[in-house]
Structure formats: C-alpha cells, structure tokens
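Everything on this sheet refers to the single structure shown next.
Just so you know, residue 1 is the first one in the sequence shown, and it goes up from there. These numbers were taken from a predicted model, which means no experiment stands behind them.
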Amino acid sequence: MADDIKTKKPQKTEQEKKELINKAKKKGIKVERPKPPKPKEEKNKPKPKEEKKKTGRIYCDYTMLFMIIFLLVFGVIMIYSASSYTAGIKFKDSAYFVKNQIKYTLFGFVIFGVMMMIPYKLWVKKAYIWYIGSIVLSAAVLVIGKSVNGSKRWIVVGPVRFQPSEFVKVTLILFITYYLVKYKDELYSSDRKVTEHRLWWLFLWVIIPVVLVLVANLSTSIIIFLIALGMSFIGTSNKRLFTAGALTFAAVLASAKPLVKLLYSWGFRNYRIMRLLVWAEPEKFSRDGGYQVVQGLYAVGSGGIFGKGLGQGMQKFFIPEAQNDMIFSIIVEEFGLVGVLMILAVFAFIIRRMLIIAFSVKDLEGRYIVIGVVIHLSLQVILNIAVVTGVMPNTGVSLPFISYGGSSIVVLLAEIGLVYSVARTIKME
C-alpha cells in the first residue's frame, strides 16, 4: 500500500525560486521561465455571431400581375368568340384577330419590362420631350393619318399601324407629374391667385393635345382631359376651379340630347352630330349608326343572370366589329350578370392594389404616376360600360386588356410597367 501511495513534493516558495535562478545565472546556465497556461475555452459556449446588415426586399406585386395576365388571356378568348365567324369570312382565318392580339400583347410585355426596369424618375425628368413628341404625332394624324370607318386616327408606317392618341395618355401622365412636382409650392400656396395662375398654365398645356385629339377622336380627348383634371385636383389645395368645371361638365351632359336634336333640326348633318344623335335616339337612327348600339343592348338584355355560355351568344353575328369596343356586350350575353360582376371585381382588385402602391410610396413623383394610371384605367372601364349600355354616345372607348387593339394594349402595359417601376422603390422589412 505504501508503494502505491504517491507523496507530493512540497512546492517551493517564490523566494526560493528566485534564488535558484540567480545561482543558475552565475554558473552560466540558461533558464527559461514557463509560459503561463492558456485559459481553457469553454466548449459549450457559442461563438458570438456577426450581426448581418438588414437589407429590405424589393416590393413586387405578383398577384396584381397575375390578375392582369388573367384579363389578357380572357380577352383573347372573348376576341375569338366574338370575331371567329367574321374573321373566317373576311380573312379566311377564324383566328386572324386572335393572332394579332397575341402579337400586340407580347410586344406590350417587352415595353412593360423596359418601363419597369428603367427608374421612373428618368421618364419624368424627360417628360417635356414625350409631351412635345405626342403633340407632333397628334398633329401628324390630321395631315398623313389613315381614315378607318370615317375617323382619321391612325398613322401607318410600313406594316405598323398605331394611334398617337393612345400615346398621348401615358405622356400626359408623365408631363402632369413633372408639372405638379416642379410647382408644388405654388400649387399649395396660401395665396389663391398664385395657385390659380399655375393651374391656368397647366390647363393651357393640357388643352393643346386635347384639341388635337378631339378633331378625330372625341372619346379619347374626354379621357385625356379627365385624367388631367383628376391628377391636378389631387396635386393642388385650390378646389374652387375644379368644382366650377365639374358643374359645367354636368350641365353639358344634361343638355346634350336636346341640344343635338336642335342642331339636327337646324340642318347640321356632319359625322359627329350624327353619332350624338344616334346616342339620343338609337332606334330612330339605326341606319345611321344606331344599329350597333341597338344590337349591343339586345345582347346585354339577353344575357340574364348566368349567360348563354362561352361561344353561344348570337348577337355577335349582328354587331359590327364586336371584338372592339362592343366586346362588353358579348361578355354580358355569354356570361351573364354573374360573369360581368366577376370581371368588374378583377378590375376593382387591380385598382385597389395600385392605390396601395401609390400610398406606400413616399416620393411625390411616384405617387402621381400611379394615381394617373388608376384614373386612366378606371375611366376606360366606366366609359366603355356606359357606351355599351347607352348612357354615353358610342365614341370608341375600348375595354382595358380585353378589347381588340394593338395601341391600347401596348400603352396600358407601358403604364403598368411604370407602376411596377414605382413599386420597386418600396422596401420591405
């Protein structure tokens, strides 16, 4: 047992250690002092993580984009349903209009991508260039424009045909945005004269393209003017002029029908007067243009609650150019009230999502752009339905994303691209 027990040697004091070191130095012996032991690292102790910099994700509304694609696809289906019979007889190809619409849509998505990726501030910065360009094109229509169905609205360059009046809509949104931001201090001035001075100048800049478009296209000129009116109403603190303008507009609408009848009795017979007269009494003047309106009303009335079913409508065989501005009547006939309410719900959803983007952006330029697009989209939907149901004269207002037409689709997708360009500046936590 004694052998197994190990005795510990008594530890030397610090004084004894120093003495031994001094003796060793005298004899020339090198002495290395032991290094202090390193403290043991705690195995279970986690290493501190480096704090990552928080970076916000770019906002992109995929749901709204899906709804827009849904409307475009639905539009292609309805164009085929409304035009296959006519296209088969006229062009020997029942899918003639559908093929063209798909081409326009694909090109529109290219423009959408360009408008989305380029910062919207660059578009606004050069707004006066786009404004001048739109005026030049609108004036060129009056000189070199091609007349179709009694209206000179198109410029033809080789195989390409486009409506400059559609281009005016998006350029005016950019120009008014530029103007409202540049003169925001004066437009929100407490001095009423200063504010009204700036508003009158804005009215002058707006009325130039409105008058040029009005010569050939009444409906588009109304939409352009109302876009400008809505955006400027939001962009100023002075509402007095707008109240007077709204009352004047309401008075003109109220007196339009009796005024048109009076002009007709005085011997006026031009194209525009006849169109307004058709609106006032479509049954009486069915041979002078009221035929399309009357047949459209028949289609709306025959749809019922659930409609006749896709492709089962009959009025498309009687409505001229049913795939264009009157396509809403075919939708009502084939899908009924339920189908129409679903389509209107999709439009309402898209508008709501745009408003969320508008009020999530801190920058005034971005907010005004989105509001301008919302006003444009809302006006086209409302006016198209009003035309089809006979509330407004038939002046050629397309149903957004659904009606046949290249210029309209491309411009609408360009505007949606601007909205997404604005949305890209929203940072999500």
Donor-acceptor contact present, side-chain [X] to main-chain [Y], <3.5 Å:
X    : Y    : answer
R353 : M64  : no
S329 : M326 : yes
E333 : G303 : no
S407 : Q163 : yes
S378 : I375 : no
S189 : D185 : no
S421 : G417 : no
S134 : Y131 : yes
Q101 : S403 : yes
T389 : I385 : yes

Sequence neighbours left out, what passes salt bridge (Lys or Arg N to Asp or Glu O under 4.0 Å) with E196? Give chain and number order.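 Testing E196 for salt bridge (Lys or Arg N to Asp or Glu O under 4.0 Å), a comparison that skips the adjacent residues, returns R192, R240.
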Quick one: closest heavy-atom pair of [X] and [Y], and the distance?
X    : Y    : result
V388 : D325 : CG2-O, 3.8 Å
L187 : T236 : O-OG1, 2.8 Å
V206 : A228 : CG1-CB, 3.5 Å
G405 : Y104 : C-CD1, 4.0 Å
A87  : S94  : CB-O, 3.8 Å
A127 : Y178 : CB-CB, 3.8 Å

Find the distance between [atom1] ([X]) and [atom2] ([Y]) and round it off to the nearest 0.5 Å.
X    : Y    : atom1 : atom2 : result
I382 : I223 : CD1   : CD1   : 10.5 Å
F401 : L399 : CZ    : CG    : 10.0 Å
H376 : I371 : NE2   : CD1   : 16.0 Å
I77  : L310 : CD1   : CG    : 7.0 Å
N324 : N384 : CG    : CG    : 10.5 Å
L379 : L229 : CG    : CG    : 9.5 Å

Under 30°, 30 to 60°, or over 60°: which ring-plane class applies to Y179 and Y183, parallel, tilted or perpendicular?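 Answer is tilted, since the angle falls between 30° and 60°.
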Look at the rings of F91 and Y96 and say which category their plane angle falls in: under 30° parallel, 30 to 60° tilted, over 60° perpendicular. parallel
[Y] versus [X], side-chain donor and acceptor atoms under 3.5 Å:
X    : Y    : result
Y404 : N100 : yes
Q315 : S302 : no
K169 : Q380 : yes

Between [Y] and [X], is there a side-chain heavy-atom distance shorter than 4.5 Å?
X    : Y    : value
V410 : F107 : yes
D93  : K99  : yes
I351 : V374 : yes

Show the numbers, then the answer: is there a salt bridge (Lys or Arg N to Asp or Glu O under 4.0 Å) between R198 and E186? CA-CA 7 Å; R198 274 296 154 206; E186 295 178 45; 2.9 Å; yes
Among V370, L174, T177, I173, the one residue meeting side-chain contact (heavy atoms from CB on, under 4.5 Å) with L418: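 Only match with L418 under side-chain contact (heavy atoms from CB on, under 4.5 Å): L174.
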So, [X] versus [Y], ring centres under 6.0 angstrom or not?
X    : Y    : result
F175 : Y128 : no
F112 : Y420 : yes
F203 : W200 : yes

Does the side-chain contact (heavy atoms from CB on, under 4.5 Å) test come out yes or no for F109 and L413, once each step is laid out? CA-CA 6 Å; F109 270 110; L413 288 175; 4.3 Å; yes
Hey, mind stepping through I319 and Y298 against side-chain contact (heavy atoms from CB on, under 4.5 Å) and telling me if it holds? CA-CA 10 Å; I319 300 174; Y298 288 159; over 6 Å; no
How would you list, by chain and number, every residue that makes a side-chain hydrogen bond (donor to acceptor under 3.5 Å, both in side chains) with T220, sequence neighbours excluded? N217
